[in-house]
2 protein chains.
Amino acid sequence: MKKLVSNLLLGDCETVLGGIKDNSIDLIVTSPPYTDRRADTYGGIKPDKYVDWFTPKSQEFLRVLKPTGTFILNIKEATQDREKNLYVLHLILALKEQGWHWTEEFIWHKKNSFPGKWPNRFRDAWERLLQFNKDPHFSMYQDEVRIPIGKWGDVRLKNLSAADKTRKTSGVGSGFGRKVANWANRDLVYPTNVLHIATETGNKNHSAVFPQAIPEWFIKLFTKEGDWVLDPFAGSGTTLRVAHRLGRNSVGVEVQRKYHRISRNNLKLDKAPVVTDTICLPIRKKGKSKR
Amino acid sequence: MKKLVSNLLLGDCETVLGGIKDNSIDLIVTSPPYTDRRADTYGGIKPDKYVDWFTPKSQEFLRVLKPTGTFILNIKEATQDREKNLYVLHLILALKEQGWHWTEEFIWHKKNSFPGKWPNRFRDAWERLLQFNKDPHFSMYQDEVRIPIGKWGDVRLKNLSAADKTRKTSGVGSGFGRKVANWANRDLVYPTNVLHIATETGNKNHSAVFPQAIPEWFIKLFTKEGDWVLDPFAGSGTTLRVAHRLGRNSVGVEVQRKYHRISRNNLKLDKAPVVTDTICLPIRKKGKSKR
DNA sequence: CTGCACTATGAATCGCTAA
DNA sequence: GTTAGCGATTCATAGTGCA
């Protein structure tokens, strides 16, 4: 097995990614700073400036991503003056304009979102996981994320009725037919586009934690071992750590020195090679260990 | 208790609603035809025409809705050429332009989503439930939709959707209230903005049914007894039936004679007063029983 | 009336083929 | 070149019938 590389770069991804060759990344998975909310830790981009702030960066993402690659963007609009901001909608339209294909919107349902309410709304228990591609024909390894079948399956596969053994055609004219026998004796099935993942609580290192399960799911789904994963807003390095654990090479970019240092320390604990303050082409087979 | 009214009008809501006074409706909850789909039963509006088709209608919704009222729109963009259509995003922007406030987006997680797997995507298991308001200070009765603490993710939808589906032997309408009474001694908590509700299978009357649990949840949340509920795309009349069962007045508009007739028959079974082919001001205290 | 077994079907999507 | 039609694929839930 080839040696894995975890590159961690300090700086703004808009400029730092300039050192990476075209078409070299298999998956970009990231959770950028949203507007205002975390003004204390990040700059806090104003909603009406968000698209202008983001698109030069996504232009670089488009350049470094392989044609078969995927870009996953975790984002949710903030509420301001009791109303939802529109910048995420404008961002999707701008990315489409930039040449991205909007192929899917996964929902991250935050399972352990605890009950609570405000005068005019309930607890927010979901976020968007937007999928963009350079080309509608991208790589996808669906078998890697299969889940156990529902309990109903136990009964079904024992007693297959006559109707289950023959293919039947739907009456609504959709051309849909079914043959239950096809999935008898199956214990794993394909998931849906709703991800039920709990938030990880108690992380004090970074203000907006991405639970490990999110990058893990997408890394398994869209890359194979040895592929390259990029997180241009690396934060405390969750994506890089998961990538390394799953046998993928990775590049992280973080603009804040504090989080960059935390990520570097975490990666050292994981015994992942770290290249900091150095632009390292991900297509190179080995990363330098310079600090 | 005052006599309840269920008005069912035949025609295009864009014109039919002209007979309703300004600021007279407390809640609009509806699921309009999406683009292209169901072209055999509905017209099938082309994606690039959708906003132009919808906004004259929503202009009327804006007029008839009370300042404290709410508009809930169930919609989802289709996939075309391996990519998501943008018309829902354009529609949200157009409604904002029209003067609506976009206050929330609930997610309807369809527990039993349509089966299937494709080379580039999984099953689609969610739809949007967009909330719009005339004024950010709207009426909301949050206590009415509280759920028992604990396994709320599963139990809630079970009980909500079971409301009218207990065997015919049980009295219609008593199901949910009785269950709430049973929970009285337990701790009730507020739900989140993710609704876990199964689609209702086996409905042969309409190709795209709204499960009863959806209008039920919003009617309880945004109206009180005696208030007025409007469904401008009434379909087989699910919203009206639920409104009547919960003690709310309602107005439904349906453009297709076939579904209009089905709704009327259903409402007669419920012993709800029905006014068809007649414009009836919802602020009137009684509806005529003319056919 | 309850419980269990079995049946029916749902706002789906992709890719190929025929026209 | 463009579009319309059709086959293939697939999971979970509610309703019905019967013991």
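Bear in mind the structure is a predicted one, so any value in this text is a computation, not a measurement. Convention: sequence-line order gives letters A, B, ...; per-chain numbering from 1.
- Here Arg121(B) reaches the OP1 or OP2 of dC14(C): one of its side-chain N or O atoms lies under 4.0 Å away.
- Under 4.0 Å is where a charged nitrogen must lie from a carboxylate oxygen, and between Asp124(B) and Lys76(B) at least one such pair does.
- For the pair Trp118(B) and Pro148(A), nearest-nucleotide mapping onto DNA chain D gives the more 5' position to Trp118(B).
- Searching all strands for a Watson-Crick or G-U wobble partner of dT2(D) with both distances below 3.5 Å returns dA19(C).
- At dT13(C), one or more side-chain N or O atoms of Thr79(B) fall inside 4.0 Å of OP1 or OP2 (strictly under the cut-off).
- In this structure, His137(A) places its NE2 atom 16 Å from P of dT13(C), rounding to the nearest Å.
- dA8(D) and dA11(C): their P atoms are spaced 23 Å apart (whole Å).
- Taking a cutoff of 4.0 Å between a charged side-chain nitrogen and a carboxylate oxygen, Lys84(B) and Glu77(B) do not qualify as a salt bridge.
- As a whole-Å value, the separation of Phe114(B) CZ from dT9(D) P is 15 Å.
- For the pair Asn120(B) and dC14(C), the criterion of a side-chain N or O lying under 4.0 Å from OP1 or OP2 is met.
- Summarising the geometry, the separation between CG on Asn112(B) and C1' on dC11(D) is reported as 9 Å, rounded to the nearest angstrom.
- Of the nucleotides present, dA8(D) is the one that pairs with dT13(C) by Watson-Crick or G-U wobble criteria, both distances under 3.5 Å.
- Contacts of Pro191(A) with the nucleic acid, taken as non-hydrogen atoms under 4.0 Å apart, are absent.
- Atom CD of Glu104(A) is separated from atom C1' of dA12(C) by 12 Å (rounded to the nearest Å).
- Here dA12(D) presents its P atom at 13 Å from OH of Tyr190(A), a figure rounded to the nearest Å.
- In this structure, Thr192(A) reaches neither bases nor backbone, as no heavy-atom distance under 4.0 Å exists between it and the strands shown.
- Closest to the side chain of Pro33(B), out of dC14(C), dA11(C), dT13(D), is dA11(C).
- Ion pair Glu60(B)/Lys57(B) not flagged as a salt bridge, since none of the NZ, NE, NH1 or NH2 atoms sits closer than 4.0 Å to an Asp/Glu carboxylate oxygen.
- A sub-4.0 Å separation between OP1 or OP2 of dT9(D) and a side-chain N or O of Arg123(B) is absent.
- Salt bridge Lys224(A)/Glu144(A): absent, no basic N to carboxylate O contact under 4.0 Å.
- Aromatic stacking is marked for Tyr34(B) over dA11(C), as both cut-offs hold: 5.5 Å for the centres and 30° for the planes.
- Whole-Å rounding puts the Asp124(B) CG to dA11(C) C1' distance at 9 Å.
- Atom CD in Glu83(B) sits roughly 13 Å away from atom P in dT13(C) (whole-Å rounding).
- The Lys117(B) side chain lies nearest to dT10(D) when the options are dA11(C), dT10(D), dC11(D).
- Of the residues near DNA chain C, Thr199(B) and Asp81(B), the one whose nearest nucleotide (by heavy atom distance) lies more toward the 5' end is Thr199(B).
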Q. Could you go step by step and tell me if Trp100(B) and Phe61(B) meet the ring-ring contact (aromatic ring centres under 6.0 Å, His included) rule?
A. CA-CA 10 Å; Trp100(B) 292 97; Phe61(B) 305 165; 7.4 Å; no
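- The listed nucleotides are dA11(C), dG15(C), dT13(D); the one nearest the side chain of Ser31(B) is dA11(C).
- Between the side chain of Trp102(B) and the backbone N or O of Glu104(B), at least one donor-acceptor pair lies under 3.5 Å.
- Atom CD in Glu127(B) sits roughly 11 Å away from atom C1' in dA12(C) (whole-Å rounding).
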